[in-house]
A.B. asks: 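Below is the structure I would like to discuss, written out as structure tokens.
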There are 2 protein chains.
Amino acid sequence: MTTQRAKSGRVTIHDLAREAGVSVSTVSKALNDNGRMAAETRARIKRIATEIGFRPNALARGLLSSRSFTIGLLTNDTYGRFTLPVMAGISEALVDHGVSVFLCAIEDDPALGKVHVDAMLDKQVDGIIATGKRIDRSLPVDLAGLPVPVVYAFTAGAPESVTLMADDAQGAGLATAWLKKLGRRRLVHITGPEDFVSVRERAAAFSREAGEDASVLYGVWSERWGHEAIADLWSAEEGLPDGIFCGNDQIARGVIDALRERGVKVPDDVSVIGYDNWEILAEQTRPPLTTVDMNLKELGREAGLMVLALAEGRPTEPGLRKLPCKLVVRHSCGGAGRPE
Amino acid sequence: MTTQRAKSGRVTIHDLAREAGVSVSTVSKALNDNGRMAAETRARIKRIATEIGFRPNALARGLLSSRSFTIGLLTNDTYGRFTLPVMAGISEALVDHGVSVFLCAIEDDPALGKVHVDAMLDKQVDGIIATGKRIDRSLPVDLAGLPVPVVYAFTAGAPESVTLMADDAQGAGLATAWLKKLGRRRLVHITGPEDFVSVRERAAAFSREAGEDASVLYGVWSERWGHEAIADLWSAEEGLPDGIFCGNDQIARGVIDALRERGVKVPDDVSVIGYDNWEILAEQTRPPLTTVDMNLKELGREAGLMVLALAEGRPTEPGLRKLPCKLVVRHSCGGAGRPE
DNA sequence: AAGACATGAGAAAACGTTTTCTCATGTTGA
DNA sequence: TCAACATGAGAAAACGTTTTCTCATGTCTT
């Protein structure tokens, strides 16, 4: 306890060895439950280790084991509302394994992307997770052929890689089925730009469930577009919908506001359902928004465990995995109880 | 070029030395512009290094230099809209210095906080930045007495530490002065809970600028409260305000919606100004919101450079630093041109 | 009683760098 | 012509671990 520390200021294995009166090899084996030694010695070393607060230097350890217990998260979405839950899931899953996460926002900039990837490789990350905001675009940096495994989440992946995404068809089906179950018959889908593959997937699932004559209105991802769509629909006077499935929560917010301004009651006259479950928005609409949740945190968790498995060389089948969405029921659709 | 690589799969300094026909010491000195050697040799080694793609292993380097070129970002705010811009600023400032950032979300959980801090220290981070969502609360983990420097941003710091925050009084003054400059005379401040020190600071600055009789309404940080406040004010029929300064953009959104529903024109009858410049919200209000921007990205940049300075042992004066806010003029106040 | 074997623990090498020291050779000055 | 010195480059130690050998001692077998 009174012996002096190494000059670095941190307690090293040598300090501990000196304190315990054994060699560093013995200390290492004691702490890692390796090798042969008297149980009493092992226990004593462990006790002294906690007493003097020894914690092994991860740099030194990583140098030898070629495992740094570090992964990189590359993101496009200036940590918007998609990447954030994904990150939370990753971190939550990996902290239990002693893995820390480098966050790198690359902003659609190839040069910045390369800088970050190089920096991470220099730091010997065990793997990389790439995330974006849409599944049909890839990050502006080539991650194929890297010396570490890469997992893609919510962004387009390389051919033989592991890619995770939310199941758009299933999510849209969930929403449409819910509207029908509540007795809504004249359904409309107000959504984002048609060039998003997710938009097309959801629209197809909507049409399948709602009937081919149910119309789909493509636009942009904004509140304003929700307003405009309602203005267009209600200018027709006839064939007005009684159930509206929106492509995201912002559109839904615009739709609900526009309906209120027209004196149309939500959910009495029309049920409205959103997508994303962006809570800060969904909870503040009047009435609070029933919406589809993509389980992004769970997606992040899966991505974290996946990249860890790859880093440890455990067998993992490549390909695209679609994770199910869930319905979050609030008050914008009427009805009660939980979704099936 | 034809010589085989080390078994690790990565190019080491030994591979490079063999390729160049020199010793590893010479290579190291060549690449770091250290020591003495023929200019021609240095150039040749550098050329071969890029040819075979040599990049020094940061773990090995860090082991020796006790600089890992890594910092940790500890956050409370499950990466909400405060921490995010701060993070972006940190990352942007540090990537140029080759520093990568570990992101750790600790969710008000002391145990999780300790786990993350320990993991970061094990990985020999050069410093830690702690961020939160309010300046009068500290993170649930003790960062005093750590073997690395700590900088606090938007959260309460330890006594002799460096702490960065936005200048609440200046920001509120900016907003109030803007309303007055536009000719508004009957001002109201609708804001959040009075137990926030930022709320009190801003309210004090508002009163100073607007006159002591200008009223301040304390509430919560939600759209709903904005609605309620307008309902209360307009139930009085007399002494109606013509300028409303809101404590955040969500309240402002609620205020604007409530005014529209009452047939009060914004900005013709009443000017409304928000706080935070949460773009996705501020741009979608009708009309788009004029609001105070706390320059959080800049704050993050400063925090990054600060922790780097401390890590390198450069002298840095401790204490609380307040960074100025700026006014972002959109259409909710009327008037034109830029703030003074 | 003597070889075979189990046990406990230390010595040394290894990981990939950087840095200090040493040394051979060439060059200058008187 | 010889000492003093500058130059270019390599050898070796160091950083803090883990892991593989090695070895002394003690305990069985027969």
A.B. asks: Mapping A:V24 and A:T41 to their closest nucleotides on DNA chain C, which lands nearer the 5' end?
C.D. replies: A:T41
A.B. asks: Sub-3.5 Å donor-acceptor pair from the side chain of A:N76 to the main-chain atoms of A:D108, do we have one?
C.D. replies: yes
A.B. asks: Taking donor-acceptor contacts at under 3.5 Å, does the side chain of A:K29 reach the base of C:dG8?
C.D. replies: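 It does not, because no donor-acceptor pair links the side chain of A:K29 to the base of C:dG8 below 3.5 Å.
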A.B. asks: Picking from C:dA9, C:dT17, D:dT19, which would you name as closest to the side chain of A:M37?
C.D. replies: C:dA9
A.B. asks: Quick one: which of C:dT18, D:dC15, C:dC15 gets closest to the side chain of B:N32?
C.D. replies: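 Out of C:dT18, D:dC15, C:dC15, the nucleotide with an atom closest to B:N32's side chain is C:dT18.
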A.B. asks: For residues 125-163 of chain A, pull every pair meeting ring pair (Phe, Tyr, Trp, His ring centres under 6.0 Å), keeping only residues two or more places apart or in separate chains.
C.D. replies: A:F82-A:F154
A.B. asks: Among the nucleotides C:dT18, C:dG16, D:dT17, which one has an atom lying closest to any side-chain atom of B:L64?
C.D. replies: C:dT18
A.B. asks: Whole-Å distance between D:dT7 C1' and B:E40 CD?
C.D. replies: 15 Å
A.B. asks: Given the structure, check if the side chain of A:S25 and the base of C:dA9 hold any donor-acceptor pair shorter than 3.5 Å.
C.D. replies: no
A.B. asks: At 4.0 Å (heavy atoms only), tell me whether B:R42 reaches a base, stays on the sugar-phosphate, or touches nothing.
C.D. replies: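 The answer is nothing, as B:R42 stays clear of every strand by at least 4.0 Å.
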A.B. asks: With heavy-atom distances below 4.5 Å as the criterion, would you say the side chains of B:H116 and A:S91 are in contact?
C.D. replies: yes
A.B. asks: Donor-acceptor pair under 3.5 Å: do we get one between B:S23's side chain and the base of D:dA9?
C.D. replies: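 Such a pair does not exist between side chain and base.
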A.B. asks: Do B:R42 and B:D33 sit within salt-bridge range, that is, some charged N less than 4.0 Å from a carboxylate O?
C.D. replies: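 Salt bridge flag = yes for B:D33 with B:R42.
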A.B. asks: Checking all strands, does B:R36 fall into the base, sugar-phosphate, or nothing category for heavy-atom contacts under 4.0 angstrom?
C.D. replies: base
A.B. asks: Out of C:dG16, D:dT17, D:dG8, which has the shortest distance to the side chain of A:H14?
C.D. replies: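 Of the candidates, D:dT17 comes closest.
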A.B. asks: Between C:dT17, D:dT19, C:dT19, which one does the side chain of A:N34 approach most closely?
C.D. replies: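 Closest of the options to the side chain of A:N34: D:dT19.
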A.B. asks: Looking at C:dC15, C:dT18, D:dG16, which one has an atom nearest to any side-chain atom of B:I13?
C.D. replies: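 Comparing C:dC15, C:dT18, D:dG16 against the side chain of B:I13, the answer is C:dT18.
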A.B. asks: Heavy-atom nearest nucleotide on DNA chain D for A:A60 versus B:V22: which residue maps closer to 5'?
C.D. replies: B:V22
A.B. asks: Round to a whole Å and report the spacing from CG of A:N57 to C1' of C:dC15.
C.D. replies: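 After rounding, the reported distance stands at 13 Å.
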A.B. asks: Given atom CZ of B:R18 and atom P of C:dG16, what is their separation to the nearest angstrom?
C.D. replies: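 Result: 11 Å.
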A.B. asks: Does a side-chain N or O of A:S28 approach OP1 or OP2 of D:dT18 to a distance below 4.0 Å, or not?
C.D. replies: yes
A.B. asks: How about B:S25 and B:S28: does a side-chain donor come under 3.5 Å of a side-chain acceptor?
C.D. replies: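 B:S28 and B:S25 do not have a side-chain donor-acceptor pair below 3.5 Å.
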A.B. asks: Is A:S66 touching bases, backbone alone, or none of the nucleic acid, heavy atoms closer than 4.0 Å?
C.D. replies: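 The residue A:S66 makes no contact with any strand.
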